[in-house]
Colleague: 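Dropping a structure here in structure tokens format, bear with me for questions.
Order of appearance sets the numbers: ligands from 1, and atoms from 1 within every ligand.
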Amino acid sequence: MQVVICKDSNTAAALAAKILADRIQANPKIVLGLATGRTMERVYENLRQFPLKFADVSTFNLDEYIGIKRSDARSYWHYMHAHLFDHVDIKDENIHVLDGMAPDIWEAAAAYEDEIEVLGGIDLQLLGIGRDGHIGFNEPLSSFGSRTRTVYLTQTTREQNAPMFGGDFNQVPECAVTMGVGTILEARELMLLATGVEKAEILAQAIEGPITSMISATAIQLHPDCRVVTDVAAASALRHKDCYRRSIAGDIEFSEYKSMRA
Ligand code: F6R
């Protein structure tokens, strides 16, 4: 694992976007796994600034709420179009977002796994981290072998996401459909972005803590090519900073990260 500590959240988002842009440039037919949430908003904002061709890029989003229509501004379908897809030349048929209104959600989840396989697997999976350590919507106790499926959201997650639902966690759907931890671990490369002091404790457990299905993000420790991009605030609870190859308070020298492998 590589841990890159940036001086602030803007720099971390810019670095994550730069890495994505580099991967797209190197492989115009890349299959990307994408995440939503507040942390990613600035990543997509930065990514949109690059003169990139998305015509042959395929994407698979991690998750979606169950019972929220795609046309609803709170759906992740809507989020992805607002923050990225409507700004780039990606083809509709190359966009894959789970449908929380699918008549048979279990069949749709299985079909999602098949679609990923048909396209040869995910090259780079972008991840955020929830306050309870979820990646995607893999809440505590998600098996590391879990596949795309329906899940119940924890109270912590519903409270975390309440701002998008008028501040009332009761309005946040109780259920979601998410790629599994096993699905995520099969991506060829992982990049987890975490910023802000509210992520500090859980990020330290994800990177330095014992591997446990109670904290799905600890599964990234098992991945052979995983990079964590973070800022000083989110890195503040890490105890072994001297172990990391990059622990920077100044500006990222973007040209240098490429030479470092996980
Ligand atoms: C969303 C997702 C979640 C978020 C996580 C952090 O697609 O996969 O795991 O990345 O809940 O969300 P924010 O960035 O809003 O704190």
Colleague: Which pair of heavy atoms, one from Ile19 and one from Met191, lies closest together, and at what distance?
Modeller: CD1-SD, 3.8 Å
Colleague: Tyr152: what forms a ring pair (Phe, Tyr, Trp, His ring centres under 6.0 Å) with it, not counting sequence neighbours?
Modeller: none
Colleague: Could you tell me which non-hydrogen atom of Ser216 sits nearest to which non-hydrogen atom of Glu139, and how far apart they are?
Modeller: OG-O, 3.6 Å
Colleague: Carefully, step by step, assess Glu208 and Arg239 under the rule salt bridge (Lys or Arg N to Asp or Glu O under 4.0 Å).
Modeller: CA-CA 8 Å; Glu208 297 177 339; Arg239 283 168 302 159; 3.7 Å; yes
Colleague: Are the side chains of Phe144 and Asn138 in contact, using a 4.5 Å heavy-atom criterion?
Modeller: no
Colleague: Just the distances, no angles: every ligand 1 N or O to protein N or O pair closer than 3.5 Å, one line each.
Modeller:
residue  : atom   : partner : partner atom : Å
ligand 1 : 7 (O)  : Thr36   : N            : 2.9
ligand 1 : 7 (O)  : Thr36   : OG1          : 2.7
ligand 1 : 7 (O)  : Asp63   : OD1          : 2.7
ligand 1 : 7 (O)  : Asp63   : OD2          : 3.4
ligand 1 : 8 (O)  : Asp63   : OD2          : 3.0
ligand 1 : 9 (O)  : His134  : NE2          : 3.4
ligand 1 : 9 (O)  : Gly136  : N            : 3.4
ligand 1 : 9 (O)  : Gly136  : O            : 2.8
ligand 1 : 11 (O) : His134  : NE2          : 2.6
ligand 1 : 11 (O) : Gln160  : NE2          : 2.8
ligand 1 : 12 (O) : Gln160  : NE2          : 3.3
ligand 1 : 14 (O) : Arg38   : N            : 3.4
ligand 1 : 14 (O) : Thr39   : N            : 2.9
ligand 1 : 14 (O) : Thr39   : OG1          : 2.4
ligand 1 : 15 (O) : Arg38   : N            : 2.9
ligand 1 : 16 (O) : Lys199  : NZ           : 2.7

Colleague: What do you reckon, are the aromatic ring centroids of Phe165 and Tyr65 less than 6.0 Å apart?
Modeller: yes
